Engineer: 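Have a look at the structure that comes next, please.
Quick note on labels: first sequence line is chain A, next is B, and so on, each numbered from 1. Keep in mind that what you see is a predicted model, and the values were worked out from it rather than measured.
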Amino acid sequence: MKELEKNYNPARIESELYDRWMSRGYFKAKPNPDKKPFTIVMPPPNITGQLHMGHALDNTMQDIIIRYRRMQGYEALWQPGTDHAAIATEVKVIDSLKKQGIEKEDLGRDGFLEKCWDWRKEYGGRIINQLHKMGSSADWDRERFTMDEGCSEAVLEVFQRLYDKGWIYKGSRIINWCPVCQTSISDAEVIHEDQEGHFWHINYPIVGEEGRFVEIATTRPETLLGDTAVAVNPEDERYQDLVGKMLELPLTGRQIPVIADSYVDKEFGTGCVKITPAHDPNDFEVGKRHNLTEINILHDDATINLPGSKYDGMDRYEARKAMVADLDALGLLVKVVPHTHAVGTHDRCGTTVEPMIKPQWFVKMSEMIKPAVEAVKNGEITLLPQRMEKNFFSWTDNIRDWCISRQLWWGHRIPAYYCADCGEMTVQKTRPEKCPKCGSTHLNQDEDTLDTWFSSALWPFSTLGWPKQTEDLKYFYPTDVLVTGYDIIFFWVIRMIFSGYEQTGTKPFHTVLFHGLIRDSLGRKMSKSLGNGIDPLDVIDKYGADALRMTLVTGNAPGSDMRFYWERVENSRNFANKIWNASRFIMMNLEKASPEQLRAYDVAFGLKPCPANSGDADGTCISCSSVAPLTPADKWILSRVNELIREVTSNLDKYELGIALQKVYDFVWEEFCDWYIEMVKARLWNDDDETHTAAIWTLKTVLVQSLKLLHPYIPFITEEIFCNLLDEGETITVSQMHPDGTVTESESTERSIMISSWPVYREAWNFAKEETEVETIKDAVRAIRTVRTSMNVPPSKKAHVYVVSENAELLDIFERSRAFFAMLGYASEVSLQADKTGIPENAVSTVIAQAAIYIPLAELVDVAKEIERLEKEEARLVGELARVNGMLNNERFVSKAPAAKIAEEREKKQKYEQMMEQVKERLAQLR
RNA sequence: GGAGAUGUAGCUCAGCUGGGAGAGCAUCUGCUUGACGUGUAGAGGGUCGCAGGUUCGAGUCCUGUCGUCUCCACCA
């Protein structure tokens, strides 16, 4: 047995322990028919990324769940990997090239991709190493990458399947275009933010009617150049006569018609809408209905594309300015009104996106989404917290086709091939030898790549080997729970669900556990621009990974954001130190009992089978040798820890991670450290005490159970203590639970908490009577402490304590717990008696149910103060009795409330009446 | 414009299916008790946003209302 240092020092042990776990392969999982699988796929962090608080939270939650299941005896797989993050990476690589004066185009496609792979090699592993520091118990040998061979194979397979089914199509549609990133982006990548802008009211002259105009209002005057109509509502009386007439489009010399379309809102603006089919999604629809020409007026970098015009080549905003000035000069600008409106921006770079018509690839969503919607509706997939379902449906109900092509180089290239000779397009996983139509071998692959989320959508099964029917896939799929932030429900979660059903015929996971954002102490998002981010690695350096992990899951309800406070990390660190010192104390006392004696208790209390019965060659049947009985205090704490196991297990099964931890925290600190350890000290210091070994065994047992309950949360410190506690070579009580709930002895002596079991709830450890007894003593101790504190008596001043009660059974309780009652009650001597014989007149007194306690502290007694205190107590009891009587005298309560509740209240009433009697009697004496 | 969340002790938040208001931090007062001052024993502090309703009983369920936040949405 090693002696522990006085304070816990995480830095010293964390990396050492992690290396040990890795080298012993504790995190590895493989198909095992004797066990049930439990699988989590890690949301793949971007290769451009560094560990931030969001990752820390996400991975802590997953690690807690996977460690819990592993300890329960499941074959627990946590499948890790990283994401190629198409745009993010491409932008970063371009930036770094620019610093060297190199443009992407200079390198060519292959040269550029080489740089991307270099980037991946250099930075892709960084975040993985950072996750190791968190203690993440993923099976790192299985680390995958969205662009590795297998995942790419899955992507191509899915693309072809959907294409063959007619669910992937190529079409010229209006899409969101980012002029800075020079690529299309999906609807989900557009953020609508309110911006202060203007409403420009412009007159369009009516052809052939000198001096008559149609007034339109627009927030983007530059799009005027692409107008091909003006629309009014067909019901709008004001403009009936205009429909069909032609207008002169200012600045262009073109003429455009007035059309009627119900899309126009009569009430809004002037009721006349300019229609620019090439640069507005609504106008695009209107244009299709009325067969309007689509005039593209923008280059890809959002400069004006109108050869021959003075605006050609101008930036979109420059052109806006120039055009407004020109319209004003022509007298066609009616007015400019300030107007705030929603502007679409690119979530990566913040650039205002331009709707443009481009040939792009789309996934048809209307059919594919159906099984996903059904699964969430019928509970096959559970979203936690449940309110996330609303979010989910709001998206699925309004789903539009998914634009999946990106004009980027970094990503999975679209497997479409065009014949240079006849123009035929062929879509297939592998490059065709020749054109199926004309036989030409001049084939060019589509330049575009796929949306990053196309590959992440396959992550739960592509990482397990799909499309091959691997053993891993058969065993570990469908996975169990997905843990992620609510911010990517649309990007990722939904797409995984529909892809799972479509490609594998089943759900990718049965539960999604959402968490919120970690904000700074002022409630702001942590961001680089604000500089308010807190680096998890800093926290680990200062306080240890356990403290960080604990902080992240304490007092945090699922799906809601939480603020980060250093004080909370300190509190977590303090808890670690607390359990460290409790262990230190226990280990200091452990050697006072022999391993054989402790083993005998293990057998007697069901932690170990009887060697005789199990045919152990040891020779001695220790189960038959008697052990000294446990005291009420021992049984009390065992009973408490047992109940704790039941509750925590149930909480964890429901993914209530914060609640479960809070319960263990309270138990360890208050019940175990503040009460039980204090209760036991007298016995430990008294070598003649025959319950000595019982105390040591109980201490060790409760500690071990607590460590196991805590291990998923704070793996490092619990492992360190566990290893020190259970000496190498010593056969100690570590059992392993099989999935069917049976407990067997573990074979290995070189074991760690990693492979030891999650503790099992034991009927035999329920000691209701002892629980009540100990609660009684605790009440008495608390009452004594309160009295003494109110009179400023230091603990060093011991006093004779008299417990007076006519209830002999009650006195027996005190008799049974006399030793620790005396110690905790600062008693020099304890007298238990039925009347007040021998108690000095001027003793201080206090009252518990059915008993009065007297403490002669003659020189300290202040009668006035004593009366004051007793009157306060009396007032409290009057209140309590009023409440109880109010209920019990209410006929409707008595007739309708559950019987158990009524009995409970009756019991309380009795207790309060007895206490009241005692208080009154004492007051009468003093007055 | 829709939808959701939230309002509980000075601060940050827990409070599961309705049955006597909790934690951490902060504040005040004791403690050189042989694990821990990163500790320990006590204390003060809340009409659970407001108003109704259901119920024997509401922080918890329903309705309305006020405040704060978030998400979604093509009103030019």
Engineer: With respect to the side chain of A:P795, which nucleotide from B:rC36, B:rU33, B:rC75 is positioned closest?
Structural biologist: B:rU33
Engineer: Look at all strands and tell whether A:W200 reaches a base, only sugar-phosphate, or nothing, counting heavy atoms closer than 4.0 Å.
Structural biologist: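 Nothing: the residue A:W200, judged by heavy atoms under 4.0 Å, touches no strand.
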Engineer: With the side chain of A:A897 defined as its heavy atoms from C-beta on, choose the nearest nucleotide among B:rA76, B:rC36, B:rG19.
Structural biologist: B:rG19
Engineer: Scan every strand shown for a Watson-Crick or G-U wobble partner of B:rU6, both distances under 3.5 Å, and answer none if you come up empty.
Structural biologist: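 Pair assignment: B:rU6 / B:rG67.
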Engineer: Which nucleotide wins on minimum distance to the side chain of A:N792, given the candidates B:rG30, B:rG19, B:rC71?
Structural biologist: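 My answer, after comparing the listed nucleotides, is B:rG30.
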Engineer: Could you check whether A:I677 gets within reach of a base, just the sugar-phosphate, or nothing at all, counting any heavy atom under 4.0 Å?
Structural biologist: base
Engineer: Kindly state each residue pair satisfying salt bridge (Lys or Arg N to Asp or Glu O under 4.0 Å) with at least one member in residues 779-790 of chain A, sequence neighbours excluded.
Structural biologist: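 Found A:D779-A:R782.
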Engineer: Looking at A:F585, does the NZ or CZ of A:K681 lie under 6.0 angstrom from its six-membered ring centre and within 45 degrees of the ring axis?
Structural biologist: yes
Engineer: For A:Y8, which of A:F716, A:Y543, A:W580 qualifies under ring pair (Phe, Tyr, Trp, His ring centres under 6.0 Å)?
Structural biologist: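 Testing each of A:F716, A:Y543, A:W580 against A:Y8, the sole residue satisfying ring pair (Phe, Tyr, Trp, His ring centres under 6.0 Å) is A:W580.
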Engineer: For A:H339, report the nucleic acid contact type (base, sugar-phosphate, nothing); a contact means any heavy atom under 4.0 Å.
Structural biologist: sugar-phosphate
Engineer: Under 4.0 Å, counting only non-hydrogen atoms across every strand here, what does A:P355 touch: a base, just sugar-phosphate, or nothing?
Structural biologist: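 Nothing: the residue A:P355, judged by heavy atoms under 4.0 Å, touches no strand.
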Engineer: Of the options B:rC31, B:rC25, B:rA35, whose atoms approach the side-chain atoms of A:N581 most closely?
Structural biologist: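 Nearest to the side-chain atoms of A:N581, counting from C-beta on, is B:rA35.
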Engineer: Pick base, sugar-phosphate or nothing for A:R782, based on heavy-atom distances below 4.0 Å to the nucleic acid.
Structural biologist: sugar-phosphate
Engineer: If you check every side-chain atom of A:M887, which of B:rG19, B:rU38, B:rA35 has the closest atom?
Structural biologist: B:rG19
Engineer: Tell which nucleotide pairs with B:rG57, taking only Watson-Crick or G-U wobble pairs whose two distances are both under 3.5 angstrom.
Structural biologist: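 B:rG57 is unpaired by these criteria.
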Engineer: Is there a Watson-Crick or G-U wobble partner for B:rA43 with both distances under 3.5 Å, and if so, which one is it?
Structural biologist: B:rU27
Engineer: At 4.0 Å (heavy atoms only), tell me whether A:R563 reaches a base, stays on the sugar-phosphate, or touches nothing.
Structural biologist: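 Contact class for A:R563: sugar-phosphate only.
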Engineer: A:R573 near the nucleic acid: base, sugar-phosphate alone, or nothing, with a heavy-atom cut-off under 4.0 Å?
Structural biologist: base
Engineer: Base, sugar-phosphate, or nothing: which does A:F268 touch, judged by heavy atoms less than 4.0 Å apart?
Structural biologist: base
Engineer: Determine the contact category for A:N890: base if any of its heavy atoms lies under 4.0 Å from a base atom, sugar-phosphate if only primed atoms, P, OP1 or OP2 are that close, otherwise nothing.
Structural biologist: sugar-phosphate
Engineer: Assign A:K390 to base, sugar-phosphate, or nothing according to its heavy-atom contacts below 4.0 angstrom with the strands shown.
Structural biologist: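 Touches sugar-phosphate only.
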Engineer: Using the side-chain heavy atoms of A:K872, tell me which of these nucleotides is nearest: B:rG39, B:rG44, B:rU70.
Structural biologist: B:rG44
Engineer: Let's see if you can work this out: which of B:rU40, B:rA23, B:rC75 has an atom nearest to the side-chain heavy atoms of A:D674?
Structural biologist: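 Given the options B:rU40, B:rA23, B:rC75, the side chain of A:D674 is closest to B:rU40.
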Engineer: From the set B:rA23, B:rC36, B:rC75, return the single nucleotide nearest to any side-chain atom of A:A342.
Structural biologist: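 Closest nucleotide among those given: B:rC75.
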Engineer: When all nucleic acid strands are considered with a 4.0 Å heavy-atom cut-off, which category describes A:N571: base, sugar-phosphate, or nothing?
Structural biologist: sugar-phosphate
Engineer: So A:W685, base contact, sugar-phosphate only, or nothing? Heavy-atom distance under 4.0 Å.
Structural biologist: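 Contact class for A:W685: base.
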Engineer: Contact class for A:E285 (heavy atom, under 4.0 Å): base, sugar-phosphate, or nothing?
Structural biologist: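 No contact.
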